[in-house]
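Report on the structure given below.
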Amino acid sequence: MKPRQVLIAAAVTAVLVGVGAGLYTLGKQHAMQAMPATPAPARKVLYWHDPMVPAQKFDKPGPSPFMDMQLVPVYADAGDDNGSVRIDPRVQQNLGVRTATVSVGTAMPTLSAVGTVGWNERDVTLVQARANGYVEKLMVRAVLDPVRKGQPIAELYAPDWSAAQEEFLTVQRLQDASLLDGARQRMRVAGMNDAQIRQFERSGKVQARTTISAPQDGVVTELAVREGSTVALGAPLLRINGNGTVWVLAEVPESQAAQMRPGQTVEARTAALPGAVFKGRVGALLPDVNAATRTIKARIELANPGGRLLPGMFATLTFSGGAGAQVLLIPSEAVIQTGTRSIVMLAQGDGKFAPVEIRTGAESNGQTIVTQGLTAGQKVVTSAQFLIDSEASLKGTTTRMLAPAAEAGK
């Protein structure tokens, strides 16, 4: 065969093959169009209801007896009688749904409060005049002057001491032991203490002036005399408050008072002394509740090295918790308080969510203790809870998050 004839034959064959392939494809498309379509599975209808009155259920469609509208079907894959709702993952993403796992942890509740520093009322000494006389010299001039134990604070002239001492010297010369004891007793009645009497007996000189010394370290908080003042036996001269320890009266909410107990350790900090931490203990919970603020006063006794804590300062107090116990913990943001109940939205998996009533314990550091209603490993919603509730309402779920509370209030 000639080359020209071979080329013509090949071209005819290619055309025939292309036509055949086109006819085959066209026939296949006609055959597919002729095949009956597979019907989509029917959604199961649980019941019909009026969305405006979701609690009323109907077993067949029709007009609503409450509103001028048709009853709406509630499907099995949208919600169930337990109040759960199924939400598409894309909708969850749009709502910003986040979840957290119910965990087992150690509860270390901490309580903070603020209080005002004041004097320790149990560390007070009242200095009185031990005889009738005059204040000849006063070493302490003003209130709030600091004093040290043994420091001279006043010099007192007592005329009665002169008479008692002269009598003692006269009896001593008579060498009458019975009269000597009586004379010694009259010096005690005049206000002389045993140390002063012994010193007088050794010296044998009449001394009607006495120096009064500070009985303890502290601050003079009351000064009742001046130089030249006349004082009577037992009259108060001054008052000294010790400053080795101070009291802090803290205002604690009555709802948290159960977490406190006498002897509980406390750490205190104040803005006036940055970085300084003062240790102490709860001395007492005072039996009085402030009706306006609903707080209880706690009296805390703090060590005050160097007397750096001053009355009137504000202090921030941190109360230590007891030994931690193993409890269920969830983020506090997952708990919804309705006023009568505590509720969380439980993530059941496969896009389903349901409200669950729980009982809660103490809250600390963003974690809330769950005492009833959940188990470890379950997942709770920490954001968009109310948006999930709205989605449940739109889809016709009858048992909404707040429905039981509403029924209870009827």
Side-chain angles (χ1 to χ4, degrees), residues 54 74-113 252-253 255-260 318-408:
V74 176
Y75 297 100
D77 60 354
D80 56 34
D81 292 335
N82 294 325
S84 65
V85 60
R86 187 190 302 273
I87 300 179
D88 185 84
R90 289 175 297 177
V91 177
Q92 293 184 40
Q93 185 174 4
N94 293 335
L95 295 178
V97 177
R98 292 185 290 110
T99 61
T101 304
V102 181
S103 60
V104 178
T106 301
M108 294 293 291
T110 57
L111 174 64
S112 298
V252 180
S255 60
Q256 299 179 344
Q259 302 179 31
M260 300 181 60
T318 303
F319 300 84
S320 65
Q326 294 294 311
V327 293
L328 294 180
L329 298 173
I330 61 173
S332 298
E333 60 186 344
V335 183
I336 301 172
Q337 303 290 348
T338 68
T340 57
R341 304 181 306 149
S342 298
I343 293 174
V344 297
M345 289 297 293
L346 185 65
Q348 298 176 322
D350 195 23
K352 297 180 71 175
F353 301 89
V356 175
E357 182 177 355
I358 63 172
R359 290 186 181 178
T360 60
E363 189 271 341
S364 176
N365 299 324
Q367 295 285 315
T368 297
I369 298 174
V370 178
T371 59
Q372 185 176 335
L374 295 174
T375 59
Q378 291 182 308
K379 291 186 178 296
V380 294
V381 179
T382 59
S383 66
Q385 296 97 318
F386 290 101
L387 296 178
I388 293 176
D389 182 46
S390 300
E391 186 73 10
S393 175
L394 293 174
K395 291 190 174 182
T397 302
T398 58
T399 308
R400 296 179 56 196
M401 186 184 303
L402 306 179
E407 294 175 2

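Here, residue 1 is the first one in the sequence, and each next residue gets the next number. Values in this document were obtained by computation on a predicted structure and should not be read as measured data.
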Output the distance between atom CG (Leu346) and atom OG1 (Thr375), rounded to the nearest 0.5 Å.
-> 8.0 Å
Could you state the interatomic distance from CE (Met260) to CZ (Phe319), rounded to the nearest 0.5 Å?
-> 3.5 Å
Apply side-chain contact (heavy atoms from CB on, under 4.5 Å) to Gln337 and list each qualifying residue two or more places apart in sequence or on a separate chain.
-> Val335, Ser342
With sequence neighbours left out, write down each residue that passes side-chain contact (heavy atoms from CB on, under 4.5 Å) with Ala257, or none if nothing qualifies.
-> Ile296
Check whether any side-chain heavy atom of Val97 sits under 4.5 Å from a side-chain heavy atom of Val381, and report yes or no.
-> yes
Student check: side-chain heavy atoms of Met345 and Lys379 closer than 4.5 Å | no
Which atom pair, heavy atoms only, marks the closest approach of [X] to [Y]?
X      : Y      : result
Leu329 : Gly105 : CD1-CA, 3.9 Å
Ser383 : Gly96  : OG-O, 2.8 Å
Val344 : Ala334 : CG1-O, 3.5 Å

Enumerate, atom names and distances included, each donor-acceptor pair closer than 3.5 Å involving a side-chain atom of residues 366-374, sequence neighbours excluded.
unit_1, atom_1, unit_2, atom_2, d
Thr368, OG1, Ser332, OG, 2.8
Thr371, OG1, Arg359, O, 3.1

Checking Thr360, Val102, Ile358 against Leu328 for side-chain contact (heavy atoms from CB on, under 4.5 Å), the one that qualifies is Val102
Residue list, salt bridge (Lys or Arg N to Asp or Glu O under 4.0 Å) with Glu357, at least two apart or on another chain = Arg341
Within the side chain of Thr101, is there an N or O that forms a donor-acceptor pair under 3.5 Å with the backbone of Gly377?
-> no
